[in-house]
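Each ligand, and each atom within it, is numbered from 1 in the order the structure gives. What you see is a predicted model; the values in this text were computed from it and never measured.
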Amino acid sequence: MKEDIPYKIYLSEEEMPTQWYNVRADMKKKPEPLLNPQTGKPFTHAELEPIFCKELVAQELDDQTKWFDIPEEVLNFYKMFRPSPLVHAKFLEKALDTPAKIFYKFEGNNTSGSHKLNSAIAQAYYAKKQGLKGVTTETGAGQWGTALSMACQHFGLDLKVYMVKCSYEQKPFRREVIRTFGASIVPSPSDTTEVGRKILAEHPGTTGSLGCAISEAVEAAVNNEGYRYELGSVLNQVLLHQTIIGLETQKALQKYNIKPDILIACTGGGSNLGGFATPFLGEMLRGEANYKIIGAEPASCPSFTRGKFAYDYCDTGMICPLAKMYTVGSQFIPSASHAGGLRFHGMSPVLSELYHQGLFEARAYEQTAIFEAAEIFARAEGTLPAPESSHAIRAAIDEALKCKETGEEKVIVFNLSGTGYFDLYAYKAFNDGTMGDYVPTDEEINTALERLPKI
Ligand SMILES: *Cc1c(COP(=O)(O)O)cnc(C)c1O
């Protein structure tokens with residue numbers, strides 16, 4: 001490691017990667033294909049194209065092409081907020097009194113406040129290129145809806161957002177940002193779709209879930225001429241776009257000859273962990289390097305640590321493709337935790353396969369432990385982290401504290417996926433001491449897992 005590492009390592013615009021990396025090309029055992037729930041057979045291009053944009057379907061189903069060129073229009077948009085800095089967390093190291101070296105890649109430096117804009121702009125670009133009128137989507141905590149509203153506005157596309165009801169009520173300000181960028185937004189489940197009406201009848205008073213909002217958005221896309229559906233996580237295409245994070249991180253580390261030991265990101269559907277870590281996992285798959293990689297998830301929705309590796313629906317309404325993934329069951333409705341972006345029952349099939357092969361580990365954290373980490377980080381580094389990202393911070397702090405005990409100078413790099421300026425009700429609950437921890441019982445998880453489709 002060089003001695004003169006600046007507090008923030010910036011790459012220049014010229015140094016920004018111009019291709020996305022597809023880790024599936026380096027995997028000997030590939031992730032299992034998406035299955036059509038009607039036929040039980042792998043989805044074909046023709047079957048997926050009524051739902052997703054054509055080029056995105058091609059990316060989704062391609063497990064051979066290692067590098068995809070980033071279109072120039074997307075690169076130009078990226079330059080509004082990229083390359084993002086890799087920060088040497090000197091003040092956090094000092095606060096923890098650890099010999100470990102801690103770095104974080106900061107993805108919150110745009111109005112949407114998270115990494116989601118990296119895929120949103122790519123997805124909007126392909127919709128525009130195809131000549132569509134608009135797209136539909138769901139949003140949980142609101143970050144994806146915000147990101148996609150910015151992206152659709154940039155390309156002049158209409159956007160209909162289905163927002164998980166508890167977030168719609170908890171986060172009125174997100175809603176207004178989305179409307180400012182010109183999208184329309186309804187709380188989900190809503191009575192505007194057949195599947196929404198069905199869920200409302202079965203679970204009156206439900207606060208909704210990502211899975212249920214996805215069902216509604218897909219129905220709205222398929223029933224509206226000139227529309228397609230776009231999803232902010234889980235899918236292979238989303239992980240692909242997000243690799244801009246990991247590729248920039250690799251370059252910035254190389255620039256100062258920093259060799260990471262431990263890489264950490266939080267996991268909802270897996271897009272920021274996938275985007276951050278798959279370039280490094282690729283090195284491991286090719287036998288070039290070895291890292292300890294950790295996915296940090298909420299104990300309230302523990303897909304990796306307590307879920308099953310099985311085919312499951314991606315949505316509560318059971319109309320979406322079946323994916324082989326770590327899941328706590330599509331019928332599992334997680335508690336209304338403050339890390340809304342991590343309340344998805346399943347996990348990226350790519351990451352699920354890599355986890356199954358033992359290439360990385362996962363840890364689950366309870367809510368108050370997350371906010372304790374968020375507070376330590378905010379006070380030391382001066383940035384208010386998103387509750388989701390604070391799962392990664394928790395894991396990084398725990399690893400740094402282990403180094404303090406052993407005296408090891410490990411290099412820890414984590415992804416700070418976003419900021420928490422729209423999560424102040426959550427911070428209020430923490431500061432007031434009224435925040436609870438909710439961990440599902442085995443029985444709750446088993447009940448949902450019993451309803452996994454029989455494949
Ligand atoms: C959405 C979101 C996540 C979780 O989604 P992944 O697809 O797992 O990355 C994490 N952090 C932030 C800030 C988010 O907005």
Side-chain angles (χ1 to χ4, degrees), residues 84 104-120 123 137-150 163-164 167 171 174 177-178 210 213-214 230-246 264-278 294-298 300-304 314 323 325-327 334 337-352 355 360 362 364-365 370 373-374 377 383-395 414-423 426:
S84 73
Y104 62 92
K105 181 73 170 159
F106 182 44
E107 289 295 313
N109 198 14
N110 67 75
T111 291
S112 81
S114 82
H115 65 290
K116 293 202 171 66
L117 196 52
N118 298 327
S119 183
Q123 296 193 38
T137 198
E138 81 297 330
T139 194
Q143 288 97 319
W144 170 245
T146 314
L148 196 59
S149 69
M150 291 172 72
M163 184 165 186
V164 178
S167 299
K171 301 190 174 171
R174 278 262 172 224
V177 181
I178 292 171
L210 260 188
I214 292 174
E230 301 199 323
L231 179 64
S233 187
V234 187
L235 296 174
N236 303 333
Q237 56 187 272
V238 184
L239 262 71
L240 178 75
H241 306 147
Q242 293 295 356
T243 57
I244 187 77
I245 305 172
I264 303 169
C266 68
T267 58
S271 78
N272 90 90
L273 174 66
F276 174 68
T278 56
I294 304 169
E297 67 180 10
S300 57
C301 193
S303 327
F304 273 134
C314 291
M325 59 186 175
Y326 277 86
T327 176
S337 88
H338 290 291
L342 306 184
R343 294 177 78 225
F344 183 65
H345 64 274
M347 185 53 60
S348 140
V350 172
L351 288 182
S352 293
Y355 181 71
F360 67 94
Y365 296 101
I370 291 316
F377 180 82
T383 293
L384 193 76
E388 291 87 352
S389 320
S390 303
H391 290 69
I393 297 174
R394 177 79 264 168
F414 72 90
N415 190 41
L416 188 68
S417 52
T419 49
Y421 300 105
F422 287 102
D423 299 282

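Looking only at distances, a side-chain donor or acceptor of Ser149 sits under 3.5 Å from a matching main-chain atom of Thr146.
Asn118 and Glu107 form a side-chain donor-acceptor contact under 3.5 Å, judged by distance and modelled atom types alone.
If you look at Leu273 next to ligand 1, there are no close heavy atoms at all, none under 4.0 Å.
In this structure, of Pro387, Cys266, Gly274, the residue bringing a heavy atom nearest to atom 10 (C) of ligand 1 is Cys266.
Under the 4.5 Å side-chain criterion, counting only non-hydrogen atoms from C-beta, Tyr326 is in contact with Ser352.
Ranking the protein heavy atoms by distance from atom 6 (P) of ligand 1 puts Ser271 N, 3.4 Å first. The protein heavy-atom contact nearest to atom 1 (C) of ligand 1 is Lys116 NZ, 1.4 Å. If you check which protein heavy atom lies closest to atom 13 (C) of ligand 1, you get Ser417 OG, 3.4 Å. Given atom 8 (O) of ligand 1, the protein heavy atom at minimum distance is Gly268 N, 2.6 Å. When hydrogens are left out, the protein atom nearest atom 7 (O) of ligand 1 is Ser233 OG, 2.4 Å; that is the closest non-hydrogen contact.
Residue contacts with ligand 1 include His115, since one of its heavy atoms falls under 4.0 Å from the ligand.
Within ligand 1, counting atoms from 1 as listed, the ones closer than 4.0 Å to a heavy atom of Thr267 are 8 (O).
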